[in-house]
Q: 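Okay, handing you the structure first.
Lettering of chains follows the sequences in order, A, B, ..., and the numbering in each one begins at 1.
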Amino acid sequence: MLDSRFDPSAAEARLYKRWEELGCFTPSMDTAAEPYCIVIPPPNVTGVLHMGHALNHTLQDVLVRFERMRGKNVLWQPGTDHAGIATQMVVERELAKEGKKRTDLTRDEFTAKVWQWKAQSGGQIVEQDKRLGVSADWSRERFTMDEGLSAAVRKVFVQLYNEGLIYRDKRLVNWDPHFQTAISDLEVENRETPGHMWHFKYPLAGGETYEYMEKDEDGNVTLRETRDYISIATTRPETMLGDGAVAVHPEDARYAPIVGKLCEIPVGPKEHRRLIPIITDEYPDPDFGSGAVKITGAHDFNDYQVAKRAGIPMYALMDERGAMRADGAPYAQEAAAAKKRVDTWLDLFDPSGAGRFHSPAGETAPEDVSGANLVPDAYRGLDRFEARARVIADITADGNAVMVEGEDGAMVPLVEDKVIMQPFGDRSGVVIEPMLTDQWFVNAEELSKEARAAVADGRTDFVPENWSKTYFNWLDNIEPWCISRQLWWGHRIPVWYGRSLSGDPNTLVITYNEQLGPVDGRQIFCASSESEALELAAEYARKELRLDEVDAFVSDESTVNRIDMTNSGQVPFQYPIVQDPDVLDTWFSSALWPFSTLGWPDKTKELETFYPGAVLVTAFDIIFFWVARMMMMGLKFGPKGADSKPMVPFKHVYIHALVLDEKGQKMSKSKGNAMDPLELIDEYGADALRFTMARLAGMGRNIRLSRQAVEGNRNFGTKLWNAARFCQMNECANWDGELDPAALTEPVNQWIAGEVAAAFAETTAALEAYRFDDGAGAAYKFVWNTFCDWYLELIKPLLNGEDEEAKAETRRVAGWTLDQILKLLHPFMPFITEELWGALAEHGPARGDVLMRQSWPRLGSAYVNPAAAAEMDWVCDLISEIRSFRADLGVPAGAKVPMTLVGAPRANRERLTRHHAAITARARLETARAEPAAPEGSVTTVVGGASVALRIADLIDVAEAKARLDKEVAGLNKELAGLSKKLANPNFIAKAPEDIVAENRQRLADGEVRVDKLAAARAGLDAL
RNA sequence: GGGCGGUUAGCUCAGCGGUAGAGCACUACGUUGACAUCGUAGGGGUCACUGGUUCGAUCCCAGUACCGCCCACCA
């Protein structure tokens, strides 16, 4: 006998272990079976199971268990992601506990430490997933840094490089000063932050003046004054030292007189201030600020564009920590040189009115200088925010701040409070600094073409469909993808540098900067291994070197790799190469996940069988990071299909909601509103959490999770458990596992068989359409409302009755139905269903195998018996109506009353006889008879066109009974009036579909009968 | 600024051209031999607003208001 409740904590681990031991999670590899593959979105190896995982993994597990039961050859491919920054961060924190920094170790020592950390405490999420019931094939677990996956990364990189789709470029990138690495656009979070805008005067060179005029819309002059400066508004004064120009709009009349002239940056020692030209560009908005913008190409993305267009030099003022550089030549020394350069620029300036520099050869005109030299000694080494304060103070002290009248009438510097969108690193949380550095980029635009086309032509589709718009929108505006990261943990870029062996001997120097990588005079060898790179290098050197030059190239570097070569077998020389120190963006390897996990680039059986995946299940927040990139890489490198083109990595992308707390807030540790899935599992069991997730996983954008919801679904489990207990107590079992619906004789049994079929049809259709909510909802409704509330109650008389045949049939059917329910719920609630499946076998049929490996029933129309369904509907209606009537009239719940059915057709009189026991029990009746007339002292209601008379006159308040009838008649009459009006409308009759018209006529007719009967009942009450 | 979405019962949300739904909450009654983590019954909605299309609109279309989210961004 079952206990009165299910104890998840005792059962879950045992059941999970059983499944594992039986190998339930590994694909059947049955060649006749249709393959079905889902790759898990790999959680970070540092990750712990949060609600997002719980939802994501539950949904996949539902699909995977469902498809396994449907007989498919299912692989759910699990694994974890090495998560570059996140993992490096964790290990650095560990080191900090020992009082060490990453840089106290060598790179190799550090990465060894990370591997060690991973072995000890990485991947806890896998164990946590097991508690949730995740049925992934753990024997095939992969890690993005595994040797095989790393080889895939290198192969992809090399090929993209060779095709020119990966390239190195010096561009302005997002720099995270905390982690001291470049990051991609997607890793930047723009947030509104309170800030200030300062207004400063840039004096014109040589004290020149001009007439400054402002006009209103009608052309009236509102301000006219003589100025010897141009006013500039900025939110970032600390970058002024790197200004290359001041730009105004070409049609801005206010500044027309001074375009092409020079102005002075009002910062730094007075005698050495730099002069910069005033240029025109479409970028400045005349209506914003002063209409004049300082152009600081190395520190602002907009300015960068302007500087490139106009040939303005860019000066990088900051170091990798975001502090003002301290590595420059003495400032005074630079100043003299700067003067000279200005003269050169002016030669190149086009005075004809275009207000731009020429660059006849299409080259940047002014010579680039190191921004380091432009930082005055006083600012060197200052953090960017300290530098800002100093610059503001110095300019103000100097009298170059724009002044306005303050509240007390005194003149004060003009500083506007302004909310500015500020970029933050999504991991570090520090303000991102645009930095001009050499980085590796992927030509995402090129790769995006096929990725876009595949969704546009339906090779892959999004569910819900409208996420494809988001996908398109991003791809259509895609920027180059910065893939290099200045970290130690990750896939090291498979590129080696050597000296350039041709051209000017002066350039034959590898300038190797720890942070920024080799920057000059290099020769690139991109190869999937160091030995291949050495071969390439050797080939190159042999080609370029002339024997008589060999001596010049013998390296004195001792720490780098060397190749010893013999040119013509005679003169030995050395040609050192050094690998790029950077690693790849984590998402680069994630992009390969759908095929790298299956063994690519080897032609494995797994790849052949399981690629492309059936569906990718993920949340919308990583459509750009991951989904789009998997599409790009899959369509470039994935196994080829019938058309000999690479196939999409998955056919469907199911995008689920984000899990929010009950108030609709995003869960986060810092807000303290995070719910821990493990804690919920401890308290309510994994099934309750899973079922909650499935029921909430509608098509919406977010789901609000509450403890109460989980509790409710735990209660559902208890309900199921007790239903099973009831079946067990009544010896309900289906001994042979079969059921022939045609052989059934009891209507209640015929009916429930059809309801089982309907429930499976509904849940199956819902899961096929990724409607987890509907699938779980249909199962829930069937189990609770149909099976427990009605079927089990209706069969009690049969189980307790004398008719042994009916009893035997009912036991069989109840047992069968319960077995089907366990199958129906298994994808959602694997533990409790498996436990019951096994427990019921103790005093029931032997099961042969675990529930998890049972097949999903396909119950055809043979199971549906419309006559039985109609009969049971009538029985249930009768019971419901009597119960409702009794309750409304205040008949004591315990009172058993006599009931008389009046004016019912013969079929219903027979039904009454057949279900006499059930009806009297459920409706709490003393007697239930069909008679030609209602007996004395009875009060009447109406069911299905017949009057139902209850002899309760002495139990109730007659006035209340009248009121109830009046209320119902009134409501009915209102409805009937509407129907009559509709049916009297010739347009309705003419234009509405026939079945709708017929339905309305029927409703009117039925309603009229009911009104008549109710009126009669009312009259009967009057007579009392 | 560009894009996407929302507004339906007290709450959370389904629905979708033809009688407004669920869960939770609420009210009343109830220990009927599986289950009080339960049962029975009940109350509760001008489906944001304004127009349009239609025989008929919560649903389709246009506009308005408010609320979200994503992307970009004015120095």
Q: Would you say a side-chain N or O of A:K781 is under 4.0 Å from OP1 or OP2 of B:G23?
A: no

Q: When only distance counts, do a donor and an acceptor, one from the side chain of A:R5 and one from the base of B:U37, lie under 3.5 Å apart?
A: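 When only heavy-atom distances are counted, A:R5 does reach the base of B:U37 through a donor-acceptor pair under 3.5 Å.
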
Q: Test for a donor-acceptor pair under 3.5 Å between the base of B:A34 and the side chain of A:E793, counting only N and O atoms.
A: yes

Q: Looking only at side-chain N and O atoms, does A:K896 come under 4.0 Å of OP1 or OP2 in B:U32?
A: no

Q: Under 6.0 Å from the six-membered ring centre of A:F424 and within 45° of its axis: does the NZ or CZ of A:R191 meet both?
A: yes

Q: When you measure only distances, ignoring hydrogens and angles, does the side chain of A:K719 come within 3.5 Å of the base of B:C35 through a donor and an acceptor?
A: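 Counting by modelled atom types and ignoring angles, a donor-acceptor contact under 3.5 Å is found here.
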
Q: Quick one: is B:C71 close enough that its OP1 or OP2 comes under 4.0 Å of any side-chain N or O from A:N190?
A: no

Q: Between A:Y202 and A:D243, is there a side-chain donor-acceptor contact under 3.5 Å, judged purely by atom types and distance?
A: yes

Q: At 4.0 Å (heavy atoms only), tell me whether A:P986 reaches a base, stays on the sugar-phosphate, or touches nothing.
A: nothing

Q: Contact class for A:K981 (heavy atom, under 4.0 Å): base, sugar-phosphate, or nothing?
A: nothing

Q: Take the protein atom CD of A:E187 and the nucleotide atom P of B:C71, then report the distance between them rounded to whole Å.
A: 13 Å

Q: Could you check how far CE of A:M421 sits from P of B:C71, rounded to whole Å?
A: 10 Å

Q: What integer number of Å spans the P atoms of B:G5 and B:A9?
A: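 These two P atoms come out 22 Å apart once rounded.
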
Q: Please confirm whether any donor atom in the side chain of A:R704 sits under 3.5 Å from an acceptor in the base of B:U12, or the reverse.
A: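 Side chain to base: no pair present.
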
Q: Check whether any side-chain N or O of A:R964 sits under 4.0 Å from OP1 or OP2 of B:A41, and answer yes or no.
A: no

Q: If you look at every strand shown and take non-hydrogen atoms under 4.0 Å, does A:R714 touch a base, only sugar-phosphate, or nothing?
A: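 Base contact.
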
